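The structure under discussion appears below in the form of structure tokens.
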Amino acid sequence: MRELLDDYLNWSSQLRKALAADVLDPVHLDVGSIGGIAFVGMGGSGVVGDVVAKYLEREVALPVATVKSFTLPKYVDSGWLVVAISYSGNTLETLAAVTEAVRRRAKLCTISSGGRLMELSEKLGVPRVYVERGHLPRAALPSMLAAAVLLLNKLIELKVSTERWVEVLKDPEALEVAEDLASFLVGGLPVFVVTEDIYPLGVRAKNEVNENAKLTCKVEVLPEWGHNDVVGWESTPKDLVKIVVLRNGAGGLADFAAEYLRKLDYSLKVLDVGRGSYFETILYGSWVIGLASVLLAGLRSVDPESTKSIEYYKQFVQSYLKFYA
Ligand code: F6R
């Protein structure tokens, strides 16, 4: 556990190095001439696509898609930019979708630390960033997020400032906040309630609890929460869940949800992850929740590193998808 905890604790130096990475074989794409941007990737790599897509939705007048499967949506054609992300470079869903992107002559760019995605990218000479090896994919979030932003800053002149990114990962109180969150989460199924503007952080939180703490977990997003999940709380057993409301600075809907759930007597914690800008908030929130999920594994006496069920699933997919294996 110590090793993984240390890897998370060292995120600021991982990120600092990652921000100095090169974009290999860069090209310049005129945003006006692109049909859209699709992010392809699974799990700890796929969530990077969620994070960047949410930013682009608000900043760039282009359709944006996230693909977490073997196939691309029909509308992704040669006019689209496809950003494929796989830390290992060997995830079959990602490789299958990339094969399809190549077949459709989409503009491909990639992020990996090796594997077949790296081999293919070299062979095709597509724009790419190589990220540092030696991490578990989920612990390499800073590297992959930096790579995605460097790529887009270069390819479509996105102009995201990364100046303050490292700073938020140096917060001296983060470990204490994480310890507090981990002890709160012991003894119930974690439920994250999050506002739509930072929904990818909710997805990331769920994945971290799944993979590090070996627990099932649910994530609900506001305002949709108010149209279905809100009713579920009318009679869900109180001792079953531990609810964390992720607040992004000013409260609004998040505070409403917290107050409502508190009135119903649920065990609840509000975690304010707001750090000013979108990417800084996502980085800080992912850091604190990642640390908490590793600490929670310790409190539950499970190994935070091993993900044998993912390996079991991947073996099945290999036989299921012989063509790509
Ligand atoms: C493991 C993890 C997984 C992987 C996923 C896809 O740490 O986070 O969710 O990210 O199985 O593998 P990669 O990231 O290698 O494409």
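Just the heavy atoms: all of them, side chains too, but no hydrogens, waters or symmetry mates, feed the values below. In listed order, ligands and their atoms are each counted from 1. If you're wondering where the values come from, they're calculated on a predicted model, not measured in any experiment.
- Under a 4.0 Å criterion applied to the non-hydrogen atoms of Ser45, ligand 1 contributes the atoms 10 (O), 13 (P), 14 (O), 16 (O).
- For Glu132, the salt bridge (charged side-chain N to carboxylate O under 4.0 Å, His left out) test picks out Lys17, with sequence neighbours left out.
- Between Tyr8 and Trp287, the ring centre distance reaches or exceeds 6.0 Å.
- Ranking protein heavy atoms by distance to atom 2 (C) of ligand 1, first place goes to Glu211 OE1, 2.9 Å.
- The atoms of ligand 1 that sit less than 4.0 Å from any heavy atom of Arg138 are 1 (C), 7 (O), 8 (O).
- Under a 4.0 Å criterion applied to the non-hydrogen atoms of Ser86, ligand 1 contributes the atoms 13 (P), 15 (O), 16 (O).
- Under the side-chain contact (heavy atoms from CB on, under 4.5 Å) test applied with Tyr87, the options Ser143, Ser45, Ser112 reduce to a single match, Ser45.
- For ligand 1 and Gly43, the ligand atoms under 4.0 Å from any heavy atom of the residue are 9 (O), 10 (O).
- For ligand 1 and Lys314, the ligand atoms under 4.0 Å from any heavy atom of the residue are 5 (C), 6 (C), 11 (O), 12 (O).
- Note: an N/O pair closer than 3.5 Å links Gly44 and ligand 1 by distance alone.
- Under a 4.0 Å N-O distance rule, the pair Asp265/Lys238 does not qualify as a salt bridge.
- Every residue meeting the salt bridge (charged side-chain N to carboxylate O under 4.0 Å, His left out) condition with Glu57, not counting sequence neighbours, appears here in chain and number order: Lys54.
- A salt bridge links Asp50 with Lys68: at least one charged nitrogen is closer than 4.0 Å to a carboxylate oxygen.
- Counting only non-hydrogen atoms, the option in Thr94, Val47, Thr91, Thr307 that gets closest to atom 12 (O) of ligand 1 is Thr91.
- Nearest to atom 15 (O) of ligand 1 among the protein's heavy atoms is Ser88 OG, 2.6 Å.
- Distances below 4.0 Å separate heavy atoms of Met42 from the following atoms of ligand 1: 5 (C), 6 (C), 10 (O).
- A salt bridge does not link Glu208 with Lys206: every distance from a Lys NZ or Arg NE/NH1/NH2 to an Asp or Glu carboxylate oxygen is 4.0 Å or more.
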